[in-house]
Amino acid sequence: MTAVIPCFNYGHYLEHAVWSVLGQADVRARVIIVDDASTDDSLAVARRLAGADARITVIAHAVNQGHIRTYNDGLDAVETDYVTLLSADDLVAEGALGRATALMTAHPRVGMVYGRPVEFSGEPPTTRRAGLAPHTWTRWTGDEWLALACLRGRCFILSPEVVMRTAVVRQIGGYNRDLPKSGDLEYWLRTAARWDVGRVNGRVQAYYRQHEANMHAVALPSMAADIRHRALAFDYLVGADYASTAGNGARLVRRARTALAREAVLLSMRELDAGGSLVTATELRAAALDVRPGHRGGWRLRRLDRRLHRAWQGTAPNGTQKALETVRVFADRVRWRIWALTGVS
């Protein structure tokens, strides 16, 4: 089992990430650190760790190559049967790698496994927070998981919680250099197009660190940008080696883009109903039409346009709008709970 840890200027986090992997009791773990020409002490930290433990290998870029090339260089160097890609600022939960590999050992058609990540900031959580509660498995065929993802237009995975078969990586290739801002989602879709998908339920599988320099926050500074880039990732399915009938990929893409357009319209309305930014709401409306050009009618869009018209005239959200947003906030909590329990929502 190998963890590829790409690192750019995360030297102050790196050691915690490495030991969260090498401290796993149920697998024989290795670590490949790929330093992308960091300007802090990341490479020095990596080499110090490697000098103290033969299980650690360091790949050092002389010139910054970007995160996609960094991912792929690390994945190319893996020699074990299983692999996880772990950002240098994140952590693997105690026992997570053993649980994931056990699922794939029991189900040879499962190509990737994920689970519940927990977000944190500040000091790393105690890994025993993963708990001793019983855990179960969920297994979907690739077709089933893709259908759920396209129905919602969502990525159900943050990314540090994923463990894959190295054979899958060799079959589907590396991360797509044309999608630097939605490469993870496209990679999971590409995997599910050929393999089944599993999830570990009931235990925390990874810890995702929240901070101002999170790559996702820097790369996707707006909700509208996130919508557009997710649409590009789903477009992959048009030409995918999809397991079902011919043309099913195109149908799934239409479904995903419809879901994304609907989400953009809803987010725009929510921005207005919460008394937020009119500029943000307008950008989201534009994103809805970009991802689904035919999405020009319908009651949702008409309702949004009425709200936008009032907002441009300086009219504040009324009581009904505020009440609707309160209900939506509650619904968000319900959906989050469903996602935490099931891995889809």
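Sequential numbering from 1 along the given sequence is applied to the chain's residues.
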### Message
Evaluate Val197 against Arg139 for side chain to side chain contact (heavy atoms under 4.5 Å, CB included), listing each step before the verdict.
### Response
CA-CA 6 Å; Val197 177; Arg139 180 168 57 94; over 6 Å; no

Same apolar cluster: [X] and [Y], side chain cutoff 4.5 Å:
X	Y	answer
Ile157	Leu148	yes
Met269	Val279	no
Leu49	Leu22	yes
Val238	Leu146	yes
Leu278	Leu301	yes

So, for [X] and [Y], which heavy atoms are closest and what is the spacing to 0.1 Å?
X	Y	result
Ala192	Trp145	CB-CE3, 3.7 Å
Thr80	Thr166	O-OG1, 2.7 Å
Ala231	Val291	CB-CG1, 3.7 Å
Val169	Tyr187	CG1-OH, 3.6 Å
Ala37	Phe8	O-CE1, 3.7 Å
Val265	Ala288	CG2-CB, 3.8 Å

### Task
Could you tell me whether the side chains of Thr342 and Asn201 share a donor-acceptor contact shorter than 3.5 Å?
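Their side chains do not contain a donor-acceptor pair, so the 3.5 Å distance test is not met.
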
### Query
Just by distance, with hydrogens left out, do Thr141 and Asp143 show a side-chain donor and acceptor under 3.5 Å apart?
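The criterion, which ignores hydrogens and geometry beyond distance, is not satisfied for Asp143 and Thr141.
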
Give a yes or no answer on whether the side chain of [X] reaches the backbone of [Y] with a donor-acceptor pair at less than 3.5 Å.
X	Y	value
Gln205	Ala96	yes
Gln24	Ala93	yes
Ser268	Ala264	no
His135	Arg99	no
Ser182	Leu179	no
Ser38	Asp40	no
Arg194	Ile172	no
Tyr82	Met104	no
Ser42	Tyr10	yes

With the side chain counted from C-beta on, respond yes when [X] and [Y] share a heavy-atom pair under 4.5 Å apart, and no when they do not.
X	Y	answer
Tyr13	Asp90	no
Val344	Trp140	yes
Val163	Met1	yes
Arg262	Arg152	no
Val162	Val113	no
Glu144	Asp196	no
Glu271	Met223	yes
Trp188	Asp184	yes

Gap between atom [atom2] of [Y] and atom [atom1] of [X] - 0.5 Å precision:
X	Y	atom1	atom2	answer
Leu91	Tyr208	CG	OH	13.0 Å
Cys7	Leu86	SG	CG	11.0 Å
Arg199	Thr136	CZ	OG1	8.5 Å
Thr191	Met112	OG1	CE	5.5 Å
Ile59	Ile33	CD1	CD1	10.5 Å
Asp36	Asp73	CG	CG	8.5 Å

### Message
Pair Trp312, Thr282 - check side chain to side chain contact (heavy atoms under 4.5 Å, CB included), show working.
### Response
CA-CA 10 Å; Trp312 280 114; Thr282 303; 3.7 Å; yes

Greater than 12 external heavy atoms within 6.0 Å of [X]'s [atom1]:
X	atom1	answer
Arg30	CZ	no
Glu79	CD	no
Arg177	CZ	no
Arg28	CZ	no
Arg337	CZ	no

### Message
Can you confirm if the NZ or CZ of Arg109 lies within 45° of the ring axis of Trp195 and under 6.0 Å from the centre of its six-membered ring?
### Response
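So Arg109 does make the cation-pi contact.
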
### Task
Quick one: sort the Trp336 and Trp339 rings into parallel, tilted or perpendicular, breaks at 30° and 60°.
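Judged by the thresholds at 30° and 60°, the geometry between Trp336 and Trp339 is tilted.
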
Using a strict cut-off of less than 4.0 Å between a Lys/Arg side-chain nitrogen and an Asp/Glu carboxylate oxygen, indicate whether [X] and [Y] qualify as a salt bridge.
X	Y	answer
Lys181	Asp226	no
Glu263	Arg230	yes
Glu161	Arg116	no
Asp35	Arg47	no
Arg165	Asp81	no
Asp235	Arg257	yes
Arg209	Glu119	no
Asp273	Lys322	no
Arg335	Asp332	yes

### Query
Where do Val34 and Ile5 land on the side chain to side chain contact (heavy atoms under 4.5 Å, CB included) test, with the steps shown first?
CA-CA 6 Å; Val34 188; Ile5 303 182; over 6 Å; no

### Query
Do Thr39 and Asn9 pass the side chain to side chain donor-acceptor pair (under 3.5 Å) test, and can you show the C-alpha distance, the side-chain angles, and the key distance before you say yes or no?
CA-CA 6 Å; Thr39 58; Asn9 289 349; 3.1 Å; yes

### Message
side chain to side chain contact (heavy atoms under 4.5 Å, CB included) for Leu260 and Arg228? Distances and angles first, verdict last.
### Response
CA-CA 8 Å; Leu260 286 165; Arg228 289 187 173 97; over 6 Å; no

